[in-house]
Amino acid sequence: MQMNTKIISIEEEKASPEALKEAGEIIKKGGLVAFPTETVYGLGGNALDETASEKIYRAKGRPSDNPLIVHICRIEDIFLIVEEMPETAKKLADAFWPGPLTMILKKSGKVPDTTTGGLDTVAVRMPGHKTALAFIQAAGGYVAAPSANISGKPSPTLAKYVEEDMGGRIEMIIDGGEIAIGIESTIVDLTGGIPVILRPGYITREMLEDVLGTVDVDKAILEAGSKQAPKAPGMKYKHYAPQGDLTIISGRQEKVVAEINRRCEEMEKRGERVGVIGTDSTVSLYRAGSIKSAGSRGEEATIARALYRILREFDDEGVTVIYSEAFEGKTGSKGIGQAIMNRLLKAAGHHLEQI
Ligand code: TXA
Ligand code: MG
């Protein structure tokens with residue numbers, strides 16, 4: 001069903017009280033509102049209303065076995081939706097909430113099965129974004145929200161991409177400008193013995209280990225060709241993918257640049273429209289196609305912030321073949337490099353060539 005999607009803009013992370021009230025009312029009545037968070041735009045519905053999550057799945061074109069994250073705006077609100085709050089969860093909430101961390105905990109009976117894709121656990125996050133928190137409060141305190149993209153496409157970091165995917169499908173979009181972090185929250189499973197990272201993000205393994213001691217990483221994330229099913233159901237799907245065919249080339253910088261240049265030339269001869277993802281220090285060395293810098297290797301946060309926007313821009317430009325430099329190790333990497341490479345590998349369908 002087509003509907004009119006109202007778009008409201010906010011300034012400096014502050015939405016007007018009237019706009020927030022209107023957005024909150026939409027959620028309370030069972031409708032959908034896309035809103036900014038510090039990671040990516042979310043597509044919100046009432047987490048305690050089973051019909052709202054069905055609408056979310058429909059709007060995204062997402063399989064309904066893929067559970068949603070419940071967003072809260074005060075730590076104490078978590079007690080209604082979890083069966084128990086282990087010590088580990090308390091410590092992490094104190095250290096990182098509000099912020100880009102999602103915790104998996106045993107769910108209470110208040111959370112409909114449709115929200116959690118039939119699982120007996122629930123993903124909970126308190127986002128570090130003023131408008132997101134105010135919106136969640138206006139909406140009644142429990143907002144289920146996946147990233148606000150059509151399933152399979154890169155998560156939106158600008159409202160225009162939310163509009164492109166969700167316009168006509170949802171009641172409202174809150175435009176909060178460009179998102180600060182640019183990749184989705186870290187997901188950590190606290191339902192077993194040792195905490196396990198199911199999706200890497202801005203909160204790194206090292207940061208979690210500082211608070212909790214040993215933290216594992218889901219093996220399916222670390223090994224590119226792993227046959228093991230990832231524990232976060234959503235991680236098994238093709239994701240973040242641009243329309244163009246993306247290949248990551250890894251190796252010594254000069255060799256990588258030369259190889260990408262050679263392939264671009266060859267592809268252009270074949271009539272392909274090529275795109276290149278380099279960095280500030282290499283963009284001037286590329287010769288053909290739509291050349292984009294993801295940012296600075298010295299400041300990985302710049303790369304996280306730019307990645308999804310660049311993939312979307314290639315789509316806008318009709319790029320059919322994309323080559324990207326690699327962004328640091330998958331396994332040993334500290335910092336946000338592991339999360340960046342995780343998303344890039346998924347966008348490339350794990351097409352990584354070592355030269
Ligand atoms: O940064 C974020 O987390 C963004 C913003 C909007 O908050 N949200 C987001 O949601 O990335 P989504 O739906 O695109 O990704 C949620 C991931 C999926 O991979 C899903 O399978 C996993 O979380 N997940 C949700 N509930 C889970 C559960 N109970 N157990 C394991 N994984 C779960
Ligand atoms: Mg998503």
Side-chain angles (χ1 to χ4, degrees), residues 32-45 47 53 56-57 59-73 81-83 96-108 111-129 131-133 135-136 143-157 161-162 165-166 174 176 179-192 195-203 218 220-221 229-241 304 308 339 342-343 346-347:
L32 305 182
V33 175
F35 63 102
T37 78
E38 78 280 35
T39 56
V40 297
Y41 276 89
L43 172 58
S53 43
I56 292 177
Y57 292 126
K60 273 183 73 79
R62 173 181 194 159
S64 57
D65 69 340
N66 193 357
L68 305 171
I69 296 174
V70 179
H71 294 66
I72 57 174
C73 59
I81 55 172
V82 301
E83 198 180 271
F96 300 114
W97 278 1
L101 179 71
T102 296
M103 300 189 222
I104 308 290
L105 296 163
K106 292 242 156 52
K107 86 176 187 75
S108 77
V111 187
D113 286 339
T114 44
T115 301
T116 62
L119 297 175
D120 59 2
T121 55
V122 61
V124 192
R125 152 166 143 80
M126 179 174 164
H129 189 290
T131 300
L133 294 171
F135 161 65
I136 294 163
V143 173
S147 47
N149 52 285
I150 299 264
S151 189
K153 285 223 223 172
S155 302
T157 55
Y161 293 126
V162 179
D165 285 12
M166 294 299 153
I174 304 175
I179 295 298
I181 292 180
I183 56 176
E184 305 83 351
S185 62
T186 305
I187 301 179
V188 61
D189 183 353
L190 300 174
T191 59
V196 184
I197 294 174
L198 306 187
R199 179 173 73 181
Y202 186 84
I203 306 288
D218 186 4
I221 289 169
K231 292 209 187 71
M235 297 298 279
K236 71 176 182 267
Y237 297 108
K238 189 173 178 199
H239 247 83
Y240 322 118
Y308 289 153
N342 169 262
R343 305 307 196 276
K346 285 171 74 68

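Note that ligands are numbered from 1 as they come in the structure, with each ligand's atoms numbered from 1 the same way. Index from 1, following the sequence.
Shown here are the side-chain hydrogen bond (donor to acceptor under 3.5 Å, both in side chains) partners of T121, two or more places apart in sequence or in another chain: there are none. Residues that satisfy the side-chain hydrogen bond (donor to acceptor under 3.5 Å, both in side chains) test with R199, not counting sequence neighbours, are S185.
Contacts with ligand 1 closer than 4.0 Å are made by no heavy atom of K107, backbone or side chain. At a heavy-atom distance under 4.0 Å, atoms from both the backbone and the side chain of T121 approach ligand 1. Both the backbone and the side chain of S185 come within 4.0 Å of ligand 1, counting heavy atoms alone.
Considering backbone and side-chain N/O atoms, Y41 never comes within less than 3.5 Å of an N/O atom of ligand 1. On a distance-only criterion, R62 and ligand 1 share at least one N/O pair closer than 3.5 Å. Backbone and side-chain nitrogen or oxygen atoms of T37 are examined, and none is located within less than 3.5 angstrom of a nitrogen or oxygen of ligand 1. Between K60 and ligand 1, a contact under 3.5 Å exists for no N or O pair.
Shown here is Y161, whose OH atom has more than 12 heavy atoms of other residues, nucleotides or ligands within 6.0 Å.
Taking 2.8 Å as the threshold, S147 counts as a candidate ligand of the Mg ion (ligand 2), since one of its N, O or S atoms lies below it.
Side-chain contact check for L68 versus V70: every heavy-atom pair is 4.5 Å or farther apart.
Between atom 20 (C) of ligand 1 and the options T116, T39, N66, the minimum heavy-atom separation is to N66.
E38 and R125 are joined by a salt bridge, as a carboxylate oxygen and a charged side-chain nitrogen come within less than 4.0 angstrom of each other.
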